[in-house]
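Since the structure comes first, as structure tokens, the remarks are kept for the end.
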Amino acid sequence: MPELPEVEAYRMYVETALFESPIQKVELLREKVMKSDWKEFKKQTEGQRFISTKRIGKYLFMQLENKKWVLFHFGMTGKPEFYQSKEVQPKHSRLIIHFESGLKLSFVCMRLFGRVELVNSIEQYQKEHKLGIDALEVSQSDFSDYLSSRKAAVKTVLLHQNAFAGVGNWIADEVLFQSEIHPEIRAHKLTKKQLERIYDDLQEVLKIAVQKQANYHEFPEHFMVKERWGDGNCPKCGEELKRIVVGGRGTYLCENEQAG
DNA sequence: CGGCCTGTTTCCAA
DNA sequence: CTTGGAAACAGGCC
């Protein structure tokens with residue numbers, strides 16, 4: 001379930017066992033998820049130990065002793081999963097990292113939208129792929145300037161990964177609900193005050209979701225996302241939530257609270 | 001069977 | 001060249 005908070009939870013999860021033992025071998029079960037040259041990936045990873053991790057938006061980087069990074073991008077349905085040799089391999093495993101200790105790390109990805117690749121430099125990767133800074137790091141003024149420069153629906157602009165990275169479909173909906181902004185308002189038409197409110201709510205939603213390790217059962221009562229996944233009503237006024245499509249994505253809102 | 005889904009990339013048109 | 005919007009990608013679930 002990978003938006004910024006989910007990927008941060010994955011980062012902490014892999015850190016629980018990632019550094020303990022060197023990689024014995026890597027095994028590719030579905031070529032589709034391997035974005036780098038497989039032979040090169042194998043050569044650069046086998047025998048190496050992981051030494052650190054870094055997350056930017058929805059991208060998880062894991063650094064090796066040789067300073068190269070293994071990048072996991074989870075698409076819509078990906079997740080990392082450790083398992084022991086005697087345990088059954090997780091369903092939809094696409095790539096397995098075998099450690100010398102016998103522990104294995106699976107890149108699980110049901111729909112094959114996720115990708116694994118070898119990255120030489122994160123800065124270079126960000127430049128080449130137009131990946132912005134993490135959404136938790138963006139400043140109020142950069143945030144406002146970017147939204148003001150875009151004519152698309154505000155929800156669509158929040159999903160862009162190139163100015164600030166990590167916002168996905170449910171977070172965009174939740175933030176606009178908290179800010180009482182209709183998702184189809186054009187971003188450049190927002191007032192300074194509205195932009196400030198959206199920024200504050202974005203930071204708040206991200207921080208709470210990270211703190212709860214993206215476990216939405218533990219989200220606060222005033223969050224709309226719980227209702228959204230439970231087919232429910234507005235936590236503020238009780239009105240039934242409405243589903244529309246914005247930028248091709250399912251979008252939930254309360255028409256009372258988010259009139260304009 | 002049709003519709004839906006937490007994401008990105010690619011293609012096309014303006 | 002930039003921007004916005006739609007389609008494509010894949011598999012499982014209801």
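Proteins get letters first, then strands, A, B, ... in listed order; numbering begins at 1 in each. Every value quoted in this text rests on a predicted model; they were computed, and no experiment measured them. We use all heavy atoms of the structure for the numbers below, so side chains are in, but hydrogens, waters and symmetry mates are not.
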Problem set entry | Check: A:Phe223 ring centre within less than 6.0 Å of A:Trp170 ring centre | no
For this session: Check every atom of C:dC9, C:dG4, B:dT8 against the side chain of A:Lys32 and return the nucleotide holding the closest atom.
Result: C:dC9
Problem set entry | Rounded C1' spacing from C:dG4 to B:dT6 in Å | 23 Å
Seminar exercise, completed: The nucleotide from C:dG4, B:dT6, B:dT8 with an atom nearest the side chain of A:Arg186 is C:dG4
Exercise. Where the side chain of A:Arg150 is defined as all heavy atoms beyond and including C-beta, which of B:dC5, B:dT8, C:dG4 is the nearest nucleotide?
Worked result: C:dG4
Exercise. Is A:Arg115 near enough to B:dT8 that one of its side-chain N or O atoms lies under 4.0 angstrom from OP1 or OP2?
Worked result: no
Exercise. Do the side-chain N and O atoms of A:Glu174 and A:Gln178 include a donor-acceptor pair separated by under 3.5 angstrom?
Worked result: yes
Exercise. Hey, are A:Thr53 and A:Arg11 close enough side-chain-wise for a donor-acceptor pair under 3.5 Å?
Worked result: yes
For this session: Select one nucleotide: of C:dG11, B:dT8, B:dT6, the one nearest the side-chain heavy atoms of A:Pro2.
Result: B:dT6
For this session: Starting at atom NE2 of A:His92, determine the distance to atom P of C:dG12, rounded to an integer number of angstrom.
Result: 5 Å
Exercise. Picking from B:dT8, C:dG11, C:dG5, which would you name as closest to the side chain of A:Arg30?
Worked result: C:dG11
Exercise. Looking at the side chain of A:Leu112, which of C:dG11, B:dT8, C:dG4 is the nearest nucleotide?
Worked result: C:dG11
